[in-house]
Amino acid sequence: MADTYDFGLVGLGVMGRNFILNVADNGFSAFGNDLDEEKVDALIKEGGNTDKVNASSDVKTFVQSLTTPRKIMLLVPAGKIVDSVIEGLLPHLDKGDIIIDGGNSFYTDTDRREAYLKEKGINFFGAGVSGGAEGARKGPSIMPGGSKEAYQHVKPIFEAVSAKYKGEPCVAYLGPKSAGNYVKMVHNGIEYGLMQLTSEIYDILKKAGGLTNGELHKTFSNWNEGRLQSFLVEITSEIFEQKDDLTDGYLVDMILDKAKQKGTGKWTSQNAMDLGIPVPTIDIAVSMREISALKDERIKADELYDRPSPKAVDKNDFTSKTEQALYFAFIITYAQGMHQLADASKEYGYELKLGEIAKIWRAGCIIRAAMLADITEAYQTDENLQNLLLSPSFVEKVKSTVNAARELVSYGAANGIPLPGLSNALTYFDAYTSSRLPLNLIQAQRDYFGSHTYERLDREGIFHTEWEK
Ligand code: 6PG
C-alpha cells in the first residue's frame with residue numbers, strides 16, 4: 001500500500017468506485033471514502049490487485065492518507081449532502097487543499113460553496129462529469145470550473161482519466177466559479193432535447209413507417225455509421241434489440257411511457273428564460289417529460305378524442321426523410337444550447353471558450369456525436385460566433401435537411417402524431433432566420449392597451465400613439 005495517495009474520492013457508489021479504478025488504471029493512487037462500510041470493503045476488494053487503491057469509512061484517516069495539496073472529489077447526490085460532506089472534511093483540511101464536486105449541483109450552489117471555502121483557503125471546483133457508470137470507469141468527459149491556478153494540480157489526473165478523442169483529452173479548464181457545473185447543466189439540457197427528438201423519430205417510424213423493432217435496430221445502426229453517429233443513436237439501436245426477460249416480446253415495448261427527471265433539463269430551461277435566450281427544443285423536451293407523467297389523464301383523454309390513422313408512406317423514402325430531419329433537429333438543439341452558453345458566459349463572467357466545450361464533448365459524454373467535431377471547428381474558426389446557424393459551415397448542412405423536417409412536421413400534424421421537439425426545432429429555425437417577424441403587432445397591442453411604447457423601423461426614438469378607440 002502507498003503511504004499517501006494522489007487522489008481522494010468521497011461517495012463510493014457505482015460512479016465513485018468506477019472513477020477511482022479509472023484513476024488507478026492511469027497510474028495514480030487513489031483513496032476512497034464512504035460512510036457505508038460495505039462500499040469501502042467492496043472497493044478495497046475490487047482494487048485489491050493493485051497497491052494503488054485503498055479506502056476507509058473514517059474521514060480523518062481518509063484525509064490524512066492524501067498527498068497535499070489534497071485533491072478530493074465528491075461523487076455524492078446533489079443538494080444538502082454535498083454541504084454536509086464538505087463540513088465533515090473541513091476540520092481535517094489544510095489551506096490550499098482542493099475539493100471537487102463531480103455531481104450535477106445547481107450552479108448557484110457551487111458559487112455559494114466556492115465563496116464559503118475560499119474564505120477558509122480551500123479551493124472548490126464544480127466539475128460536471130458525463131458518461132454514466134461506464135464513462136466513469138473507462139473515460140468520462142469532465143467539465144471543471146474554479147480557480148485556474150488550483151486546476152494545475154488536478155489537471156494531470158483529469159487528463160489521464162478522461163475520455164480521449166483522437167488522443168486529445170475530453171477535459172479542459174472551462175472558467176472561474178460555477179462555469180463547470182453550468183456547462184454540465186446545459187449539456188444535460190441538450191441531452192434532454194436530443195433524447196426527445198430521438199423518441200419522436202422512433203414514434204413516427206413505427207406508426208407511419210410501420211418499422212418493426214428489428215428494422216428500427218437496423219435503421220439506427222445504419223445511422224450510427226453516418227453523420228448522425230452519436231452515443232444516443234448507438235444505444236437507441238441497441239435498445240431495439242433487447243428482448244424482454246419476463247415476456248416473449250421486446251423490452252422497449254413493455255416499458256411504461258412516463259419519463260422521470262432529476263432537474264438539470266428544467267434548470268437549463270429556467271435559466272435560459274432568465275437570460276432571455278430561446279431554447280424551445282429543450283423547453284419542450286422538459287414539458288414532454290411532464291406530459292408523459294400524466295399517464296392516467298392521457299388514457300382518459302385518449303378515449304374522448306379521435307385521431308386520424310396514419311396515411312401509408314413509402315418506407316424507404318420516409319426513413320431517409322427521418323434521418324435528415326433528425327440531423328437537422330440535432331443541429332438546432334446544439335445551436336440553442338451553445339447560444340445559451342455564449343450568453344451565460346457574458347452574464348456570469350465565465351469566459352467560456354465554446355470551441356473548447358464542443359471539443360471536450362466529442363467523446364466520453366452522453367451527447368457525444370460526430371457533429372461535435374464540426375461544431376468545434378465552427379467555434380474555433382469564429383470564437384465570437386453568436387449562433388451555429390450563422391456559421392458558414394452549417395448553412396449547407398441545414399439547407400439540405402430542413403425540407404425533410406418540414407415534410408415530417410406536416411405529416412405528423414395531419415396524422416395526429418405528436419412531434420413537439422421536431423416542430424419546435426423547425427419553428428425556431430424559421431423564426432430565427434426571419435428578418436421580419438409579426439411581433440410589431442404585439443408592440444402595437446402593448447402600446448394600445450398599456451401605453452408601453454414602441455420603436456420604429458424608419459427612425460430612432462421611443463414612440464407612443466393615442467390609438468383611435
Ligand atoms: C451524464 C448524464 C447524467 C445523468 C442525467 C440524467 O452526462 O452522464 O447527464 O448526469 O444521467 O442527468 O438526468 P435525468 O434523470 O434528469 O434524466
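Only heavy atoms go into these numbers, but all of them, side chains included; no hydrogens, no water, no symmetry mates. Everything numeric here is computed off the predicted structure, so don't read it as measured data. As the structure lists them, so they are numbered: ligands from 1, and atoms in each ligand from 1. Residue indices begin at 1 and follow the sequence shown.
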Can you label the angle between the His187 ring and the Trp361 ring as parallel, tilted or perpendicular, going by 30° and 60°? perpendicular
Output the list of atoms in ligand 1 that are nearer than 4.0 Å to some heavy atom of His187, sorted by atom number. 7 (O)
Measure the distance from atom 16 (O) of ligand 1 to every protein heavy atom, then report the residue, atom name and distance (to 0.1 Å) of the closest one. Tyr192 OH, 2.4 Å
Before we go on, tell me: are the rings of Tyr202 and Phe240 under 6.0 Å apart, centre to centre? yes
Does some non-hydrogen atom of Met195 fall short of 4.0 Å from ligand 1? no
In terms of residue, atom name and distance, what is the protein heavy atom nearest to atom 3 (C) of ligand 1? Lys184 NZ, 3.9 Å
Geometric class of the Tyr350/Tyr182 ring pair [parallel <30°, tilted 30-60°, perpendicular >60°]: tilted
Is atom 7 (O) of ligand 1 touching the protein, meaning some protein heavy atom lies under 4.0 Å away? yes
So, 4.0 Å and heavy atoms of Gly132: is ligand 1 close enough to count as a contact? yes
Is the backbone N or O of Val161 less than 3.5 Å from a side-chain atom of Asn22, with the two atoms forming a donor-acceptor pair by type? yes
Check for me whether Gly131 has a heavy atom closer than 4.0 Å to any atom of ligand 1. yes
For atom 17 (O) of ligand 1, which of Lys260, Arg289, Met185 has the closest heavy atom? Arg289
Heavy-atom proximity to atom 4 (C) of ligand 1, best of Asn104, Val129, Ile190: Asn104
Glu234 backbone acceptor or donor facing Ser237 side chain under 3.5 Å: yes
Side chain or backbone, does Lys262 bring an N or O within less than 3.5 Å of an N or O on ligand 1? yes
Between Arg227 and Met371, is there a donor-acceptor pair closer than 3.5 Å when you use the side chain of the first and the backbone of the second? no
Identity and distance of the protein heavy atom lying nearest atom 11 (O) of ligand 1: Glu191 OE2, 4.6 Å
What heavy-atom pair brings Ala179 and Leu174 nearest, and what distance separates the two atoms? CB-C, 4.3 Å
Atom 12 (O) of ligand 1: nearest protein contact (heavy atom, Å): Asn188 ND2, 2.8 Å
For ligand 1, which atoms, with element, lie under 4.0 Å from some heavy atom of Gln261? 16 (O)
Tell me whether the NZ or CZ atom of Lys155 lies within the 45° cone about the ring axis of Tyr151 and under 6.0 Å from its centre. no
Hey, does Ile366 come in under 3.5 Å of ligand 1, counting only N/O atoms on both sides? no
Residue that, paired with Asp97, satisfies side-chain hydrogen bond (donor to acceptor under 3.5 Å, both in side chains) out of Arg70, Lys71, His153, Lys120: Arg70
